[in-house]
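Accompanying notes for the structure given below.
Here is the naming used below: chain letters follow the sequence lines, and residue numbers restart at 1 for every chain.
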There are 2 protein chains.
Amino acid sequence: MKNSQLYKGSLNTIIMKLLEENGRMYGYEITQKVKLITKGELNITEGALYPALHKLEADGLLDVEVEKVDNRMRKYYKLTESGEKETVNRLNELEEFIKNMQSLVSPSPNPDLQF
Amino acid sequence: MKNSQLYKGSLNTIIMKLLEENGRMYGYEITQKVKLITKGELNITEGALYPALHKLEADGLLDVEVEKVDNRMRKYYKLTESGEKETVNRLNELEEFIKNMQSLVSPSPNPDLQF
DNA sequence: CAAATATACATAATTTTCTTATGCATAATA
DNA sequence: TATTATGCATAAGAAAATTATGTATATTTG
């Protein structure tokens with residue numbers, strides 16, 4: 001979804017967090033929201049997004065409702081109960097991940113270097 | 001390298017940062033260092049590490065020196081000049097990535113919810 | 001008014017990255 | 001002496017993304 005590979009693996013967490021926050025969203029809306037929040041830095045591609053949404057739905061984490069708005073189809077997704085619980089886990093994992101990455105890149109001074 | 005897929009895509013950055021910091025390291029040493037820094041949370045598998053090191057070397061970002069210590073082989077890696085430059089880029093990308101993820105998961109309060 | 005852009009979904013082929021499993025070899029520990 | 005630790009390596013497969021298409025309607029722009 002981006003030239004920097006760092007975002008690999010974070011798409012599901014992003015989707016679930018946005019749905020937790022906004023109640024229900026449709027695919028295109030998610031891409032635009034992410035673009036907005038990241039100031040254009042993260043552009044989720046359709047090839048990544050739609051398969052991800054389908055998988056989350058297949059896994060029972062999302063429910064879908066199809067609606068026609070302005071003569072165009074929209075598939076609104078929202079978290080299931082199971083999805084809400086899982087979102088909590090994913091966000092905790094993300095927090096741990098960020099902490100770990102920060103430990104790795106901004107390490108506390110190395111005792112080995114003291115003499 | 002971990003059950004949480006969030007780490008996908010971050011291995012190269014981790015390797016390069018550790019090498020920037022420590023001058024030179026060998027593969028096994030990297031796995032142990034990461035385990036230590038992340039308090040056991042992140043265990044880099046050999047199946048991920050060694051191919052990654054080989055690719056970084058092939059891309060001209062790392063140099064390798066083979067040594068025998070205690071009758072066991074060690075392959076010490078260090079950043080090339082090009083690798084040092086690239087490390088700066090990767091670390092900037094990581095910083096941006098973390099900021100973006102934090103924006104996504106700890107958003108400023110949603111005006112829509114105010115009434 | 002025609003062409004381009006935006007909105008909205010979908011999937012198939014390929015690539016990248018990682019997991020899992022395996023293999024070889026030496027040293028240290030239980 | 002068997003297991004664990006140290007140290008490297010690769011192959012098969014899975015997971016997640018990129019890239020490239022495809023369909024369709026609405027809106028904007030030249």
Side-chain angles (χ1 to χ4, degrees), chain A residues 1-16 24-36 40-59 61-62 64-77 90 93-94 97 101, chain B residues 1-16 24-36 40-59 61-62 64-77 90 93-94 97 101:
Chain A
M1 50 178 145
K2 177 85 193 310
N3 35 330
S4 164
Q5 322 129 309
L6 291 168
Y7 293 89
K8 267 176 202 283
S10 59
L11 179 54
N12 286 340
T13 303
I14 292 172
I15 291 172
M16 291 168 76
R24 68 174 210 165
M25 299 178 83
Y26 56 99
Y28 185 76
E29 186 184 9
I30 292 175
T31 66
Q32 299 310 301
K33 191 83 170 182
V34 168
K35 197 184 290 185
L36 187 70
E41 271 218 39
L42 177 51
N43 288 299
I44 297 178
T45 61
E46 300 139 300
L49 177 68
Y50 293 115
L53 287 172
H54 299 161
K55 180 153 197 316
L56 288 170
E57 190 196 347
D59 290 345
L61 301 175
L62 300 188
V64 64
E65 287 165 11
V66 182
E67 282 181 34
K68 209 158 192 176
V69 180
D70 288 333
N71 207 32
R72 271 200 240 87
M73 181 178 52
R74 282 185 187 170
K75 293 181 77 173
Y76 280 97
Y77 290 92
R90 303 284 179 109
E93 277 180 22
L94 177 60
F97 166 66
M101 289 306 290
Chain B
M1 48 179 148
K2 178 82 194 310
N3 36 331
S4 165
Q5 323 129 311
L6 290 167
Y7 293 89
K8 259 180 205 288
S10 60
L11 179 55
N12 287 338
T13 302
I14 292 171
I15 292 172
M16 291 168 77
R24 66 172 211 166
M25 301 179 81
Y26 55 100
Y28 185 76
E29 186 184 10
I30 292 174
T31 67
Q32 300 308 301
K33 191 83 171 182
V34 168
K35 198 185 290 185
L36 187 70
E41 273 217 40
L42 178 51
N43 288 299
I44 297 178
T45 61
E46 298 138 301
L49 178 68
Y50 292 115
L53 287 172
H54 299 161
K55 179 153 200 313
L56 287 170
E57 190 196 350
D59 290 347
L61 301 175
L62 300 188
V64 64
E65 287 164 9
V66 182
E67 281 180 34
K68 209 159 192 178
V69 180
D70 287 334
N71 207 35
R72 274 200 238 87
M73 180 179 52
R74 283 184 186 172
K75 293 181 76 170
Y76 281 97
Y77 290 91
R90 304 281 179 111
E93 277 178 23
L94 178 59
F97 166 68
M101 290 306 288

Contact between A:E41 and A:Y7 at the side-chain level, heavy atoms closer than 4.5 Å - yes or no?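 With C-beta onward as the side chain, the pair touches.
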Is A:S10 close to A:F97 at the side-chain level, that is, under 4.5 Å between some pair of heavy atoms?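 Heavy-atom side-chain distance check fails, nothing below 4.5 Å.
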Whole angstrom value for the distance that separates [atom2] of [N] from [atom1] of [X]:
X     : N      : atom1 : atom2 : value
B:E57 : D:dT10 : CD    : P     : 11 Å
A:M73 : D:dA26 : CE    : C1'   : 15 Å
B:K55 : C:dT15 : NZ    : P     : 13 Å
A:Y26 : C:dA10 : OH    : P     : 14 Å
A:K35 : C:dA8  : NZ    : C1'   : 13 Å
A:K68 : D:dA26 : NZ    : C1'   : 13 Å
A:Y50 : C:dA8  : OH    : P     : 9 Å
A:R74 : D:dA26 : CZ    : C1'   : 12 Å

> Listed by chain and number, what are the side chain to side chain donor-acceptor pair (under 3.5 Å) partners of A:R24, not counting sequence neighbours?
Replying inline: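 Checked A:R24 against side chain to side chain donor-acceptor pair (under 3.5 Å); matches are A:E65, A:E67.
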Considering residues at least two apart in sequence or located in another chain, which fulfil the side chain to side chain donor-acceptor pair (under 3.5 Å) criterion with B:K35?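 None.
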Can you check whether A:H54 has a side-chain N or O nearer than 4.0 Å to OP1 or OP2 of C:dT11?
->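 So the side-chain polar atoms of A:H54 do come within 4.0 Å of the phosphate oxygens OP1 or OP2 of C:dT11, strictly under.
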So, OP1 or OP2 of C:dT17: does either fall under 4.0 Å of a side-chain N or O from A:Q5?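 Yes, within the criterion.
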Whether each nucleotide of nucleotides 20-30 of chain C has a protein heavy atom under 4.0 Å at its base (B), only at its sugar-phosphate (S) or at neither (-) is summarised, 5' to 3', as B-----BS---
Name the pairs: protein N/O against N/O of nucleotides 3-5 of chain C, kept only if under 3.5 Å.
none

What's the spacing between B:I15 CD1 and B:L53 CG if we round to 0.5 Å?
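So the gap between those two atoms works out to 4.5 Å.
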- Out of curiosity, A:Q5 CD to B:N12 CG, how far, rounded to the nearest 0.5 Å?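 One gets 6.0 Å once the value is rounded to the nearest 0.5 Å.
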Could you walk me through whether B:I14 and B:L42 satisfy the side chain to side chain contact (heavy atoms under 4.5 Å, CB included) test, starting with their C-alpha distance in whole Å, then the side-chain angles of each, then the deciding distance to 0.1 Å, before giving a yes or no?
CA-CA 11 Å; B:I14 292 171; B:L42 178 51; 3.9 Å; yes
Side chain of B:K8, heavy atoms from C-beta onward: which of D:dA17, C:dC18, C:dC9 has the nearest atom to it?
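Ranking D:dA17, C:dC18, C:dC9 by closest atom to the B:K8 side chain puts C:dC18 first.
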Which residues pass the salt bridge (charged side-chain N to carboxylate O under 4.0 Å, His left out) test with A:E29, not counting sequence neighbours?
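By the salt bridge (charged side-chain N to carboxylate O under 4.0 Å, His left out) rule, A:E29 matches no residue at all.
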Using the ring-ring contact (aromatic ring centres under 6.0 Å, His included) criterion, which residues pair with B:Y77? Sequence neighbours excluded.
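By the ring-ring contact (aromatic ring centres under 6.0 Å, His included) rule, B:Y77 matches no residue at all.
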